[in-house]
Student: 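Here you go, one structure.
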Amino acid sequence: MTGYDTKIIEPKWQAAWAEAATFEAMRDEAKPKYYVLEMFPYPSGRIHIGHVRNYTMGDVIARYKLATGHNVLHPMGFDAFGMPAENAAMASGGHPKDWTYGNIDTMVDQMKPLGFGLDWSRMFATCDPEYYGQQQSMFLDFLEKGLVYRKEAIVNWDPVDMTVLANEQVIDGKGWRSGAEVERRELTQWFFKISDFSEELLEAIDGLDQWPAKVKLMQQNWIGKSRGLEFDFDRVDGGDPIKVYTTRPDTLMGASFVGISPDHPLAKELAEKSPAVAAFNSAATKGGTTEEALEKAEKLGYYTGIEVRHPLHPDWHLPVWIANFILMDYGTGAIFGCPAHDQRDLDFCRKYELPVIETFQSLDDPKMVDDVAFVPPKTEKVSWINHFAGLTVASGEEAVDATIAFAEEQGWGKGVVNYRLRDWGLSRQRYWGCPIPVVHCDACGVVPEKKENLPVELPYDEDGKPIDFSVPGNPLDRHPSWRDCVCPSCGKPAKRETDTMDTFVDSSWYFARFTAPRATTPTNMDDAKYWMNVDQYIGGIEHAILHLLYSRFFARAMHICGHLPESAIEPFDALFTQGMVTHAIYVTRDENDRPVYHFPEDVEIHESGARLGATGEDVEVVPSAKMSKSKKNVVDPVAIIDQYGADTARWFVLSDSPPERDVEWTAAGAEAAFKHLSRVYRISTDIAGGADAGSEDDALRQALHRTIHDVTMGIESFGFNVAIAKLYGFTNVLAKAKASHAARREAVMTLAQLMAPMTPHLAEEVWAMQGGEGLVANAPWPKADESLLVDDTVTLPIQVNGKRRSEITVSKDLPKDEVEKLALEDEAVKKALAGGQPKKLIVVPGRIVNVVI
RNA sequence: GCCCGAGUGGCGGAAUGGUAGACGCAGGGGAUUCAAAAUCCCCCGCCUUCACGGGCGUGUGAGUUCGAGUCUCACCUCGGGCACCA
């Protein structure tokens, strides 16, 4: 009998918070505002323990900030467009809209019992026409400001299903359903001009001082600013020169070929005339369009028969090759190869028997390049054996500068700054996304839809029946009535754009929409000014680049169009990237030795190993992996809440691992969390009995204030696991405390407050049991009394040559020379010195003493 | 392939360059109980020693430092991202 009945306690306090509208955010100029946001979920069907962890972290911050006197905005919504809804409709019938909204309902029902302090009144899904209509309106604004444009771009094409494939749907270069070899196809698509913001997005990273360094570094590398030389190679046959871009112009004397991308205009021109070139180009472009696929593919080359002149030695002719590892999207789509100082070029030259010419060698270890290219850091000084501007010893950096200056002076090349960042292609040839609000008219061309006609809503039916998703391809493309419309400009019959937007568009401004979710414009400036920026954003590291960079771009574009104040162009003040929840995988083998996976609840763990509960068969345990349905290593939060209550789930996901790292869900860990919470309840019940347990109040108060300090620091620094360890420690102290009833009551009430961000229901219950006023959720956060945090004496370890040999306990402010004297009198030190004198004596006040012999 | 991380007892982890292993789990011992559950108390890195103690120890190898889990370099393993997964 614990008396700790979560099935009664938790709904009771959830009702109390709802009644008091504790978490409904209203503008209040009198308080500092605080906007905390967790990356919103995709409505996959059911909530996942990973969601519990993510939202619990945000909730800890939200409740803590509320208690410290902030006006808190903590909203929740759904990132609801995307492929899984269409896949579900394809696989098992039904409609993406019904599937999505059904999932949202289920997930909201599952999230509410967790007791998150969320403002549910602001909830929306990105597939709500009210949301995506505003997104369409912004698209038209962007179009007007020149932030969106159309150009040709390459997509993965499945020649059997006759559809465009997402990268995820290309497996080993083949379509995931048809198994057909994927081809490339060029389509005219819409792009956001994010590349115009390359420099600004890069420079502003420095100001993101509350972002993890690793995320900033990844974004910097992604934008990829480089300085290099652009110049032409003249063709021996007099054709159009080939423009190349290189970041290592200093190695020009080591050039042995010129390479062009299979997508380069010259490669395409040659392919038209030569079936062999066409065959090569098509072979070289098989197998998916990801950078990874291109980089990992076998390096293939085709000699075009064209030769170009070396810019410094017109009689030196270099062959032009088409090579599959050259990206048309970066630089000019053409390079010169310098095999001595680039491993990829070297592999290519060895394969096709092209010359290898060194331009510099190591200063300490000069040797000829064999199978390993010599690629020192750009800052390392090297010995130049082949440089046109007369360098002898210089670093790569210096040589690049010298080369660019030389080329500009002679007029055959110019230094240019280049970025790796490409424009953001937003067109998707799919149904379940935000329709791009333009119309194609034979007479007027591409015409924006009128704003009064927004939203351009997705059609639900087709010919009076729900759309049939079993037919491959984009249903909008073949929709009989939706597609046909009138031109907003001339009024003649026209056709709607049938592409929808990338779902990254939806998630690039939802944080701004939360500040005024029902506004009839994308945002409301007053609300945006009040609530923005997001003070604390929390989400997975997998979004370190794309989502966060796109959102940074969008905030700037929205500012340009008058939808956000200038102060909000960096929308996320602080970022925290949390780890995943993992779980062991349980596997048995079938008769063909193929793996068969089992749910954790079907497995019994014994000391000797794991067995299937039903059959007793031995189970192989694969330690800790990301939870996935196919591996069945999932834990359903609903079952955990049913068994232990929400507070146990919340406590456990925070307790065992640092938040930025993965945490492994274990049944034993959840059990332990529940036991602890039951214990706190029991201690509270005991104290509520009213008896004194002794008179040692000072010791308890000192421990309490130390805990207030440590837990507060832990929450402020995202050290939730450490904060929880401190709470365990204090609970042990309180349980044993020989103190008065008054001191113990104060201690348990403060303990409840400190636990409230993590276990809000238990905290309210304890608070109420002790006769606390109002809700813990609204009670001001306790303050540590500084005078109780310092000890009068301190124990100093004594090291001899860095190894701990002894310790002395001294007064906190004993002078250094006194400490030295005491240290030298220590038995262990005397023994080590054996009568001699120490070489050095290091005393770090309050820390350590080190005797060097 | 390229970019970015992480690696500490049987396990999850703690540790402003200053006593490595806080706190929790598992394990061992004890109390309570007719018995069990629950609860409470104690022990718990490895090797060595009757004991006191000593040696080793933070993925591997080097380095900086009076002192390194922490800083630097190289390597190994695992994880995230690579622009149409969200």
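To find a chain, count down the sequence lines: A is the first, B the second, and so on, and within it residues start at 1.
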Student: Give a yes or no on this: more than 12 heavy atoms of other residues, nucleotides or ligands lie within 6.0 Å of atom CG of Asn221(A).
Tutor: yes
Student: What string of B, S and - do you get for nucleotides 14-26 of chain B, 5' to 3', when a contact is any protein heavy atom under 4.0 Å?
Tutor: S-B-BB--BSSS-
Student: With rounding to the closest Å, how many angstrom separate the C1' atoms on G81(B) and G12(B)?
Tutor: 27 Å
Student: So does Asp347(A) pair up with Arg350(A), basic N to acidic O under 4.0 Å?
Tutor: no
Student: Identify whether any heavy atom of Phe325(A) sits under 4.0 Å from a base atom; if not, whether one sits that close to sugar-phosphate; answer base, sugar-phosphate or nothing.
Tutor: nothing
Student: Would you measure the distance from the P atom in A62(B) across to the matching atom in C47(B) and give it in whole Å?
Tutor: 25 Å
Student: Expressed in whole Å, how much space separates the C1' atoms belonging to G21(B) and C40(B)?
Tutor: 26 Å
Student: With nearest nucleotides of RNA chain B determined for Ser655(A) and Ala213(A) from heavy-atom distances, which residue corresponds to the more 5′ nucleotide?
Tutor: Ala213(A)
Student: Taking the P atom of each, how far is G13(B) from A68(B), in whole Å?
Tutor: 25 Å
Student: Side-chain N or O of Lys840(A) less than 4.0 angstrom from OP1 or OP2 on C66(B)?
Tutor: yes
Student: By nearest atom, which of the nucleotides C84(B), C4(B), A86(B) is closest to the Ala166(A) side chain?
Tutor: C84(B)
Student: Check every atom of A86(B), G1(B), U39(B) against the side chain of Pro84(A) and return the nucleotide holding the closest atom.
Tutor: A86(B)
Student: Measure from the side chain of Lys736(A), starting at C-beta and using heavy atoms only, and say which of G55(B), C42(B), C84(B) lies closest.
Tutor: C42(B)
Student: Go ahead and name the base partner of G7(B); Watson-Crick or wobble counts if both distances stay under 3.5 Å, otherwise write none.
Tutor: C76(B)
Student: Starting from C1' on C3(B), measure out to NZ on Lys225(A) and report it in whole angstrom.
Tutor: 19 Å
Student: Could you check how far CD of Gln219(A) sits from P of G5(B), rounded to whole Å?
Tutor: 14 Å
Student: Under 4.0 angstrom, heavy atoms only, what part of the nucleic acid is Ser507(A) near: base, sugar-phosphate, or nothing?
Tutor: nothing
Student: Applying a 4.0 Å non-hydrogen cut-off, can you work out what Val215(A) is touching in the nucleic acid: base, sugar-phosphate, or nothing?
Tutor: nothing
Student: Are more than 12 heavy atoms from other residues, nucleotides or ligands located less than 6.0 Å from atom NZ of Lys831(A)?
Tutor: no
Student: State whether Arg422(A) places a side-chain N or O below 4.0 Å from either non-bridging phosphate oxygen (OP1 or OP2) of A83(B).
Tutor: no
Student: Between Leu546(A) and Met83(A), who's closer to the 5' end of RNA chain B by nearest nucleotide?
Tutor: Leu546(A)
Student: Please measure how far the C1' atom in A74(B) lies from the corresponding atom in A14(B), and state the result in whole Å.
Tutor: 29 Å
Student: Work out how far the P atom of G69(B) is from that of A20(B), and round it to whole angstrom.
Tutor: 9 Å
Student: Please work out if Gly224(A) contacts a base, only the sugar-phosphate, or nothing of the nucleic acid, heavy-atom cut-off 4.0 Å.
Tutor: nothing
Student: If C56(B) has a Watson-Crick or G-U wobble mate with both distances under 3.5 Å, name it; if not, just say none.
Tutor: G45(B)
Student: According to the Watson-Crick and G-U wobble definitions, with both distances under 3.5 Å, which nucleotide is paired to G21(B)?
Tutor: none
Student: Is a side-chain donor-acceptor pair under 3.5 Å present for Arg679(A) with Asn732(A)?
Tutor: yes
Student: May I have the distance from Glu295(A) (atom CD) to G81(B) (atom P), rounded to whole angstrom?
Tutor: 18 Å
Student: Could you tell me whether the side chains of Thr247(A) and Ser226(A) share a donor-acceptor contact shorter than 3.5 Å?
Tutor: no
Student: For a 4.5 angstrom cut-off between non-hydrogen side-chain atoms, does Trp424(A) reach Lys193(A)?
Tutor: no
Student: How is Val155(A) classified with respect to the nucleic acid when contacts are heavy atoms under 4.0 Å: base, sugar-phosphate, or nothing?
Tutor: base
Student: Could you state the atom-to-atom distance from CG of Leu421(A) to P of A83(B) in whole Å?
Tutor: 13 Å
Student: Under 4.0 Å, heavy atoms only, any strand: does Thr503(A) hit a base, just the sugar-phosphate, or nothing?
Tutor: sugar-phosphate
Student: Is there a donor-acceptor contact under 3.5 Å from the side chain of Trp432(A) to the main chain of Thr100(A)?
Tutor: no
Student: Does G30(B) adopt a syn or an anti glycosidic conformation, taking syn as a chi angle within 90° of 0?
Tutor: anti
Student: Is there a Watson-Crick or G-U wobble partner for G63(B) with both distances under 3.5 Å, and which nucleotide is it?
Tutor: C71(B)
Student: How would you label the contact of Arg420(A) with the nucleic acid (heavy atoms, under 4.0 Å): base, sugar-phosphate, or nothing?
Tutor: base
Student: Let's test this: given Watson-Crick or G-U wobble pairing with both distances under 3.5 Å, identify the partner of G1(B).
Tutor: C82(B)
Student: Answer with yes or no whether the side chains of Tyr131(A) and Trp509(A) bring together a donor and an acceptor at under 3.5 Å.
Tutor: yes
Student: Mind listing the closest non-hydrogen atom pair of Glu38(A) and Tyr537(A) along with its distance?
Tutor: C-CE1, 4.2 Å
Student: A83(B) P sits how many Å from His547(A) NE2, rounded?
Tutor: 18 Å
Student: Which part of the nucleic acid, if any, lies within reach of Gln343(A) when heavy atoms closer than 4.0 Å are counted: base, sugar-phosphate only, or nothing?
Tutor: nothing
Student: Figure out the CE/P separation between Met39(A) and A86(B), and round it to whole Å.
Tutor: 15 Å
Student: Using the P atom as the reference point in each nucleotide, state the distance between U16(B) and A6(B) in Å, no decimals.
Tutor: 15 Å
Student: Examine Phe348(A) together with Phe325(A) and report whether their ring centres are nearer than 6.0 Å.
Tutor: yes
Student: Can you tell me the distance, in whole Å, between the NZ atom of Lys214(A) and the P atom of G81(B)?
Tutor: 12 Å
Student: Taking atom types as they are modelled, is there a donor-acceptor pair under 3.5 Å from the base of C3(B) to the side chain of Gln220(A)?
Tutor: no
Student: Could you work out which one of A83(B), G1(B), A86(B) sits closest to the side chain of Glu292(A)?
Tutor: G1(B)
Student: Suppose you measure atom P in C4(B) against the same atom in C73(B); what distance do you get, rounded to whole Å?
Tutor: 12 Å
Student: Tyr330(A) OH to A83(B) P: how many Å, rounded?
Tutor: 16 Å
Student: Would Phe81(A) and Tyr132(A) count as a close aromatic pair, with their ring centres under 6.0 Å?
Tutor: yes
